[in-house]
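Please read all numbers here as calculations on a predicted model, not as lab measurements. Per chain, numbering begins at 1; letters A, B, ... match sequence-line order.
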Protein chains: 2
Amino acid sequence: MARAGLNTERLTRAGAELADEVGFDQVTVSALARRFDVKVASLYSHVASSQDLKTRIALFALDELAGRAAEALAGRSGKQALAAFAGVYRDYARDHPGRYAATQLRLDPETAAASAGRRHTELARAILRGYDLAEPEHTHAVRLLGSVVHGYLSLELGGAFSHSAPAPEQSWPRIVDALDALLRNWPAS
Amino acid sequence: MARAGLNTERLTRAGAELADEVGFDQVTVSALARRFDVKVASLYSHVASSQDLKTRIALFALDELAGRAAEALAGRSGKQALAAFAGVYRDYARDHPGRYAATQLRLDPETAAASAGRRHTELARAILRGYDLAEPEHTHAVRLLGSVVHGYLSLELGGAFSHSAPAPEQSWPRIVDALDALLRNWPAS
DNA sequence: GCCATTTGCCTAAAGGCATTAGGCTGCTGC
DNA sequence: GCAGCAGCCTAATGCCTTTAGGCAAATGGC
């Protein structure tokens, strides 16, 4: 009987692709087994559970996205950096909706601590170096930045903007402009 | 055999409570049947499917939340209105996490059109009347506002802020300050 | 008050996913 | 060449969804 050559990493990657195709919450051990033309039970040698599989996909996506963001930030600062950073997230969410959804999976504390989550925060914090914010405001600004980007993409992917003009494409650059303006004019506390 | 007195509305409300207790994606026809001490199949006279149940909970939550937001906005304007509006969303998300999650359910176009979704947009738009924005910018500002609030709550509920100081409680008022500042200083296009 | 009809809940059954236990076999290294 | 491991399989259980068909409780016209 020919072997399929499964392993945890291949399953994780295939799971990410599957997520992009059918949606992250449709990712199932069964569906993944079908994709490899293998019986369901066979996957359990490589992933502990359905939850484990999803967690691996989430960590994979978080890492991949952090990598792209870091690349986009290299050599840029100020509004350029801001726009590039936001653009990477948006492109990722559009090109890989399932993986993007995976990044929102709630992770338990230790897993989260070991994830690329912190890298995302650090990257956002790096953008602030191009603006003149007092140190104690950095955390708030990072959270705002993350909220806007994540909120926008989440609403856009959810179709919240698709039933009113103008198209989301028109709003996005204005949102980036607004964020830039806000960071240049951060209110005193 | 005594009858349980089920009907679509009671099921929807109980489903909303269940969602708050166990999480929206744990809401299941079976769990709801157990809650009423009734056999699973019995629910199918009142809801068409699991999907239908979830949609009804989402519509219920959307409506309830719009009602609270409208109440909070009454008689307020400017930053007061902004803070009240954001506060309502945040309180709702914290008090009713399952229902809040339900509001993010992706609805098909017709259902979405018939939902309270539009009321949410109108309320956000009403807040802008207290600021001096050119009309064509309103849509962008509404989307930004929605993105920030939704994004923040989504990240906060997801625990994204819970592993770094300071606590989300500290950031929230600063975010509202920042939004207010941004709306007063909206960048020219 | 009586019965016909509707309505509400039930039993039964099929199909899908998750997960565990235990078995067979192709591969690897000595 | 073979011992042992690793990788995939069969089998079985339990839970969830959904449909079909049945019986009994409520309802309303008489």
Once you round it to whole Å, what is the distance between P of dC16(D) and OH of Y44(B)? 11 Å
Charged N to carboxylate O below 4.0 Å: is that the case for E156(A) and R90(A)? yes
More than 12 heavy atoms from other groups under 6.0 Å of CD on Q104(B): yes
Gap between atoms CZ and C1', on F36(A) and dC8(D) respectively (whole Å): 14 Å
Residue R129(B) excluded, over 12 heavy atoms near CZ under 6.0 Å: no
Can you tell me if S45(A) touches the phosphate of dG7(D), counting only side-chain N or O atoms and a distance under 4.0 Å to OP1 or OP2? no
Write down the distance between CG (L53(A)) and P (dT19(C)), rounded to a whole number of angstrom. 10 Å
Minimum-distance nucleotide (side-chain atoms of T28(A) versus dC17(C), dC8(D), dC10(C)): dC17(C)
Report the nucleotide, chosen from dC8(D), dT11(C), dC9(C), that has the shortest atom-to-atom distance to any side-chain atom of S42(A). dC8(D)
Separation of dC8(D) atom C1' from R10(A) atom CZ, nearest Å, is 14 Å
Within-4.5 Å side-chain heavy-atom neighbours: L43(B) and L53(B): no
Nearest-angstrom distance from the residue atom CG of L32(A) to C1' of dC8(D): 15 Å
Whole-Å distance, N7(B) CG to dC9(C) P, equals 9 Å
When you measure from the side chain of S30(A), which nucleotide among dC17(C), dT17(D), dT19(D) comes out closest? dC17(C)
Selected nucleotide, minimal atom distance to V38(B) side chain, candidates dT18(D), dC10(C), dT20(C): dC10(C)
Rounded to the nearest Å, what distance is computed from the CZ atom of residue R34(A) to the C1' atom of nucleotide dG15(C)? 12 Å
Please check this pair: side chain of H150(B) against backbone of Y152(A), looking for a donor-acceptor N/O pair closer than 3.5 Å. no
For D52(A) and dC17(C), give me the distance from atom CG to atom P, rounded to whole Å. 19 Å
Against the side chain of V29(A), the closest entry in dC9(D), dA18(C), dC10(C) is dA18(C)
H46(B) side-chain N/O to dC9(C) phosphate OP1/OP2 under 4.0 Å: yes
Minimum-distance nucleotide to S49(B) side chain [options: dC9(D), dC9(C), dT18(D)]: dT18(D)
